[in-house]
Every structure is written in C-alpha cells, then in structure tokens.
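One structure is given below, encoded as structure tokens.
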Amino acid sequence: MILDNCKIVDLPRVTDPRGNLTFVEAGRHIPFEIKRVYYLYDVPGGAERGGHAHKALHQLIIAMSGSFDIHLDDGFSKKTVHMNRSYYGLYVCPMIWREIDNFSSGAVCMVLASAYYDEDDYYRNYASFREDIGKEPAHENSVS
Ligand code: TYD
C-alpha cells in the first residue's frame, strides 16, 4: 500500500539550554535530494490547504511552529497525522492526495520538496487522481 510509505521521520534533536536545534540531511533522513523549500504561514482560522496530489514529487512536511492536521489518501485508504513538533517531519511520497487543515494561530508549515515547482506534476482533480492510481508503477520509496 502506497500510504504505508508515508511516515513520520523523527529528526535529530540537539538539545541545548540556549535553545534546541534540528537538522535534515537529504538522502539520510529523507529518501530524496532537496530542490525546493516552501512554507505556509499567516493561515487564517478555518482555512484548508493542499487538496491535490503529485505525480512524482517527494516531500517532507514539518510544523515549524504551531500545529495542523495532514489528511493523506492513496486512493484506497486514508490517514490523518497531527503535526505539532518541529523535530517531526511527515514524508509524503508521490501519488498521495493530501489536505491540510486545523491550522493553529501562528502555524508555519514548511515543506522540503524533491523538485522545482511544476504545475504539470499536480493532480488538482480527485477523480483524475483516482483514475490514474494503478496505472502508476509501484513505488519503492520508503523512509530510511
Ligand atoms: P498550491 O501548491 O496549490 O498550494 P497549497 O496546496 O498549499 O494550497 O500552490 C498555491 C499557488 O502557489 C499556486 O498558484 C502555485 C504557487 N506555487 C509556486 O509558485 N511555487 C511553489 O513552490 C508552490 C508550492 C506553489
């Protein structure tokens, strides 16, 4: 099941009385090279983001501040992950429909992505995504 590849990555924590530090190394903590970083912030209460799937993009989603819920769907099964720690990342492999909601006030959602922005990589329509499930080759990516 593709959804099983989507896992929480427990990132390294360097705790320090001066403040804690966390880092992410491509290829070590996540199974892809990072080509792009983007973040959602100033999200108004009740707003939803996402509502799409990617054909080939790999992502790691981190709650840099505050909290939110990520709903994942591989076309067959679904799961929801509550993100509220900046040392946890959620790895999302290709061909996963995702929706993000329940943002707390001041939440910042940072995403590390394996490729530059490309609108052609998106499924913006759930029915088209669902139709293409099964046509895709099996994904062998997993969190190391
Ligand atoms: P989108 O991925 O649809 O946002 P979300 O799924 O988080 O709700 O992107 C919203 C808009 O921002 C869309 O018009 C494309 C643009 N955008 C970029 O130009 N570059 C990027 O890296 C991203 C993620 C989005």
Side-chain angles (χ1 to χ4, degrees), residues 1-15 20-144:
M1 197 163 48
I2 296 179
L3 198 56
D4 291 338
N5 291 329
C6 300
K7 289 186 179 140
I8 287 288
V9 182
D10 194 355
L11 296 164
R13 264 171 270 171
V14 185
T15 55
N20 300 332
L21 182 152
T22 281
F23 57 95
V24 185
E25 293 182 347
R28 284 192 171 170
H29 307 123
I30 49 174
F32 59 88
E33 293 298 323
I34 300 161
K35 271 214 158 165
R36 175 167 54 112
V37 177
Y38 66 91
Y39 32 95
L40 301 168
Y41 53 99
D42 290 348
V43 179
E48 288 178 17
R49 301 294 312 224
H52 64 251
H54 286 282
K55 296 172 187 170
L57 193 70
H58 298 253
Q59 297 186 311
L60 186 81
I61 306 176
I62 302 172
M64 297 305 283
S65 184
S67 63
F68 45 82
D69 292 335
I70 307 178
H71 308 279
L72 302 175
D73 175 354
D74 67 3
F76 298 100
S77 47
K78 300 178 184 197
K79 70 178 171 191
T80 294
V81 183
H82 183 62
M83 303 294 291
N84 62 356
R85 293 283 181 263
S86 44
Y87 48 83
Y88 285 145
L90 178 65
Y91 168 66
V92 182
C93 66
M95 296 305 286
I96 298 288
W97 189 269
R98 86 288 313 273
E99 281 162 20
I100 311 177
D101 62 13
N102 195 27
F103 285 89
S104 68
S105 165
V108 179
C109 170
M110 184 176 76
V111 184
L112 311 181
S114 63
Y116 297 135
Y117 172 74
D118 175 10
E119 187 59 34
D120 290 342
D121 186 63
Y122 280 75
Y123 287 98
R124 298 255 184 213
N125 178 282
Y126 186 82
S128 325
F129 159 70
R130 192 64 188 75
E131 210 172 288
D132 281 359
I133 293 281
K135 289 186 195 164
E136 292 295 308
H139 296 285
E140 289 168 15
N141 309 297
S142 61
V143 179
S144 54

My understanding is that only residues two or more places apart in sequence, or in another chain, count here; which of them pass ring pair (Phe, Tyr, Trp, His ring centres under 6.0 Å) with F129?
W97, Y123, Y126
Applying salt bridge (charged side-chain N to carboxylate O under 4.0 Å, His left out), which residue pairs with at least one partner in residues 110-123 are found, sequence neighbours left out?
E119-R124
Using side-chain contact (heavy atoms from CB on, under 4.5 Å) as the criterion, list what pairs up with S77, not counting sequence neighbours.
M1, L3, D74
Name all pairs fulfilling the side chain to side chain donor-acceptor pair (under 3.5 Å) condition that reach into residues 32-50, sequence neighbours left out, sorted by first residue then second.
Y38-Q59
For a side chain to side chain contact (heavy atoms under 4.5 Å, CB included) check, start with the C-alpha distance between L60 and Y91, then their side-chain angles and the critical distance, and finish with the verdict.
CA-CA 4 Å; L60 186 81; Y91 168 66; 4.1 Å; yes
If you count heavy atoms of other groups shown closer than 6.0 angstrom to NZ of K78, is the number above 12?
no
Using side-chain heavy atoms (C-beta onward) and a distance below 4.5 Å, is F103 in contact with L40?
yes
C6 versus L90, closest heavy-atom pair with distance
C-CD1, 4.4 Å
Under the side chain to side chain donor-acceptor pair (under 3.5 Å) test, residues paired with T80 that sit two or more places apart:
H71
With sequence neighbours excluded, residues passing salt bridge (Lys or Arg N to Asp or Glu O under 4.0 Å) with D10:
R13
How many angstroms lie between CD1 in I96 and CG in L57, if you round to the nearest 0.5 Å?
12.5 Å
Heavy atoms only: give me the nearest R28-E25 pair and the separation to one decimal.
NH1-OE1, 2.8 Å
Taking side chain as C-beta onward, heavy atoms only, is V24 less than 4.5 Å from I62?
yes
For S86, enumerate each residue passing the side-chain contact (heavy atoms from CB on, under 4.5 Å) test, keeping only those at least two apart in sequence or located in another chain.
none
Please name all residues satisfying side chain to side chain donor-acceptor pair (under 3.5 Å) with N125, sequence neighbours left out, ordered by chain then number.
S128
Shortest non-hydrogen pair, T22 vs P12, comes out as OG1-O, 3.0 Å
Just by distance, do the side chain of S104 and the backbone of S67 share a donor-acceptor pair under 3.5 Å?
yes
Which residue is it: Y122, F32, Y117? I am looking for the one with a ring-ring contact (aromatic ring centres under 6.0 Å, His included) to H54.
Y122
Going by heavy atoms in the side chains, are P94 and H58 under 4.5 Å from each other?
yes
Pairwise distance CD1(I70) to CD1(I61) - rounded to 0.5 angstrom
4.0 Å
Using every non-hydrogen atom in the two residues, find where G106 and S65 come nearest and quote the distance to one decimal.
O-OG, 3.7 Å
Under the rule for ring pair (Phe, Tyr, Trp, His ring centres under 6.0 Å), what residues qualify as partners of H82, not counting sequence neighbours?
none
Quick check: closest heavy atoms across C93 and I2, and the distance to 0.1 Å?
SG-CG2, 3.5 Å
Which residue pairs pass the salt bridge (charged side-chain N to carboxylate O under 4.0 Å, His left out) test when at least one of the two sits in residues 82-106, sequence neighbours left out?
none
Which atom pair, heavy atoms only, marks the closest approach of D73 to F76?
OD1-N, 4.0 Å
